[in-house]
Visitor: 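Below you'll find the structure I mean.
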2 protein chains.
Amino acid sequence: MAKAKQKAPRREDSLSRERIVDAAIDLLDEVGAEGLTFRELASRLSTGAGAIYWHVDGKDTLLAAATDAIVTRAISELGALGAARVAIRKIGVCVFDVIDAHPWVSAELARGPWGSAALQIFEQLGRQLEKLGVREKVRFTAASTLVGYVIGVSSQNAANARLFDPPVDRTTVLALEAKRWKNLDADAYPFTRSVASALETHDDRAEFVAGIDLVLGGIAASI
Amino acid sequence: MAKAKQKAPRREDSLSRERIVDAAIDLLDEVGAEGLTFRELASRLSTGAGAIYWHVDGKDTLLAAATDAIVTRAISELGALGAARVAIRKIGVCVFDVIDAHPWVSAELARGPWGSAALQIFEQLGRQLEKLGVREKVRFTAASTLVGYVIGVSSQNAANARLFDPPVDRTTVLALEAKRWKNLDADAYPFTRSVASALETHDDRAEFVAGIDLVLGGIAASI
DNA sequence: ACCTGAACACCGTTCAAGT
DNA sequence: ACCTGAACACCGTTCAAGT
């Protein structure tokens, strides 16, 4: 009675932008960005490939919409954040986990100009920097740096996890990578070889948070 | 006389992995990763599309090889680096400029596991951190953080520069982006709106270096 | 060993035709 | 207004056939 929808769907199972995006997310999670096909998507929605184009502009738009949906959902579920420094860690880890669970998101997040998803992350981190008392002049730089770090490192982490065929567990991947690093040319890669063993006992998430703290330390030092 | 090549090319203009990679780089710079086509590449090399497969495994390998070539070249041209802190800025700016000039590199750099290109950047930055006196325990974290920041922010910057059709100059792009930020919803994006004007007079490279200094400040604070 | 180019198995996107 | 599905203009990759 209360609210009259602007556009009431005619049938429960009729096509809609929302249903298309949801199906795309499922498909992306299963097969990645390359596997997202209009034919497969259409077949899952029991319709023709062309029908999707009535609701969505094309594949790029669809990918952007899927990314926005995922990031918006994750950020809205953050809840109470607490003190600024803790909040920044939470937001960072939220992005990290989103990209870890949906690796295809990172390619979209990197594609500029910033869409809704990247702007939401920027906004959330920026607010906490204000609370932290960062001077107005450096707020922009600080927020950009944090966003760049958070998205950049999360993406790299997700990328490292992929592309072992067949997929193997974390510790095995790290052991293999460490071995690869140790076998690098001694003259060309002395540093990489020297930290290779650190890779074996490496906890991606903890390392990621440690990096946030490093950036926060730098921000604190510049007031 | 001195050095006998293992594999002497038969004719000056015969196909080789090197020539293919060079042609691919040219094509990538002109039309981007999506425009890199084996048919076009073959036609530029005056050969058939299939011929390329005798020298290169496929498109992914070709993209990786092109990225490695570009990054290796840029890093080898760095020359004398000077004091550690200055050197780190130089390396960072080098990556920034490479990605700015060859935006397609960023997608490859983000794709894991780290290839030769990413490892070279990691190695270079790591060596300087050693010189800086960073404790062994935090060296790995510090280097990872720096690499993540440098590649992540450089990629985002390059992405922001693209995708205006037709391409417009820097200041116009920034003015348009600033306007977009100012028109965001006041309740949802208070912070982003408040820093929008900073975007207008924004110097990407300077901002990027400022971010490096922020990270370096954090590293210095943790010994 | 190295190259050719037609052929295969796909794509995203469009569009006349339907309801 | 919304959907259908064949058709178009591409792709990356393979492979028999050539030199």
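A note on names: the letters A, B, ... follow the listed sequences, proteins ahead of strands, and every chain is numbered from 1.
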Visitor: Can you tell me which stems involve DNA chain C, if a stem is defined as three or more consecutive Watson-Crick or G-U wobble pairs, both distances under 3.5 Å?
Guide: C:4-8 with D:12-16, C:12-16 with D:4-8
Visitor: Quick one: which of D:dA1, D:dC11, C:dA1 gets closest to the side chain of B:T37?
Guide: D:dC11
Visitor: From CD of A:E34 over to P of C:dA9, roughly how many Å is that when rounded to an integer?
Guide: 20 Å
Visitor: Excluding sequence neighbours, so at least two apart, what forms side-chain contact (heavy atoms from CB on, under 4.5 Å) with A:D185?
Guide: A:D187, A:A188
Visitor: Expressed as a whole number of angstroms, how long is the span from A:L27:CG to C:dG12:C1'?
Guide: 15 Å
Visitor: Are side-chain heavy atoms of A:Q120 and A:S116 found at a separation under 4.5 Å?
Guide: yes
Visitor: List in chain and number order the residues that pass salt bridge (Lys or Arg N to Asp or Glu O under 4.0 Å) with A:R193, two or more places apart in sequence or in another chain; answer none if no residue qualifies.
Guide: none
Visitor: Under 4.0 Å, heavy atoms only, any strand: does B:L45 hit a base, just the sugar-phosphate, or nothing?
Guide: nothing
Visitor: In chain order, what residues pass the salt bridge (Lys or Arg N to Asp or Glu O under 4.0 Å) check against B:D97, with sequence neighbours excluded?
Guide: B:R205
Visitor: Restricting to side-chain hydrogen bond (donor to acceptor under 3.5 Å, both in side chains), what partner residues turn up for B:S16, sequence neighbours left out?
Guide: none
Visitor: If I compare all heavy atoms of A:E123 with all of B:P190, which pair ends up nearest, and what's the gap?
Guide: OE2-CD, 3.0 Å
Visitor: Whole angstrom is fine here: how far is it from CH2 in B:W54 over to P in C:dA1?
Guide: 7 Å
Visitor: Please list, chain by chain and in numerical order, all residues satisfying side-chain contact (heavy atoms from CB on, under 4.5 Å) with B:E30, sequence neighbours excluded.
Guide: B:D26, B:R44
Visitor: How is A:L41 classified with respect to the nucleic acid when contacts are heavy atoms under 4.0 Å: base, sugar-phosphate, or nothing?
Guide: nothing
Visitor: Quick one: list whatever passes side-chain contact (heavy atoms from CB on, under 4.5 Å) with B:S197, sequence neighbours left out.
Guide: B:K182, B:E200
Visitor: Could you go through nucleotides 13-19 of chain D and list every protein N or O atom that sits under 3.5 Å from one of its N or O atoms, giving the distance for each pair?
Guide:
| unit_1 | atom_1 | unit_2 | atom_2 | d |
| --- | --- | --- | --- | --- |
| D:dT13 | OP2 | B:Y53 | OH | 2.9 |
| D:dT13 | OP2 | B:K59 | N | 2.9 |
| D:dT13 | O5' | B:Y53 | OH | 3.1 |

Visitor: Write down the distance between CZ (A:R17) and P (D:dA1), rounded to a whole number of angstrom.
Guide: 18 Å
Visitor: Output a table of donor-acceptor pairs, distance under 3.5 Å, between side-chain atoms of residues 148-159 of chain A and any protein atom two or more places apart or on a different chain; print 'none' if there are none.
Guide:
| unit_1 | atom_1 | unit_2 | atom_2 | d |
| --- | --- | --- | --- | --- |
| A:Y149 | OH | A:F208 | O | 2.9 |
| A:S154 | OG | A:V150 | O | 2.7 |
| A:S155 | OG | A:I151 | O | 2.7 |

Visitor: Nearest whole Å is fine: how far is D:dG12 P from B:L63 CG?
Guide: 10 Å
Visitor: Look at the side-chain N and O atoms of B:H55 and state whether any lies under 4.0 Å from the OP1 or OP2 oxygen of C:dC3.
Guide: yes
Visitor: Please give, in whole Å, the distance from D:dC11 P to B:L62 CG?
Guide: 15 Å
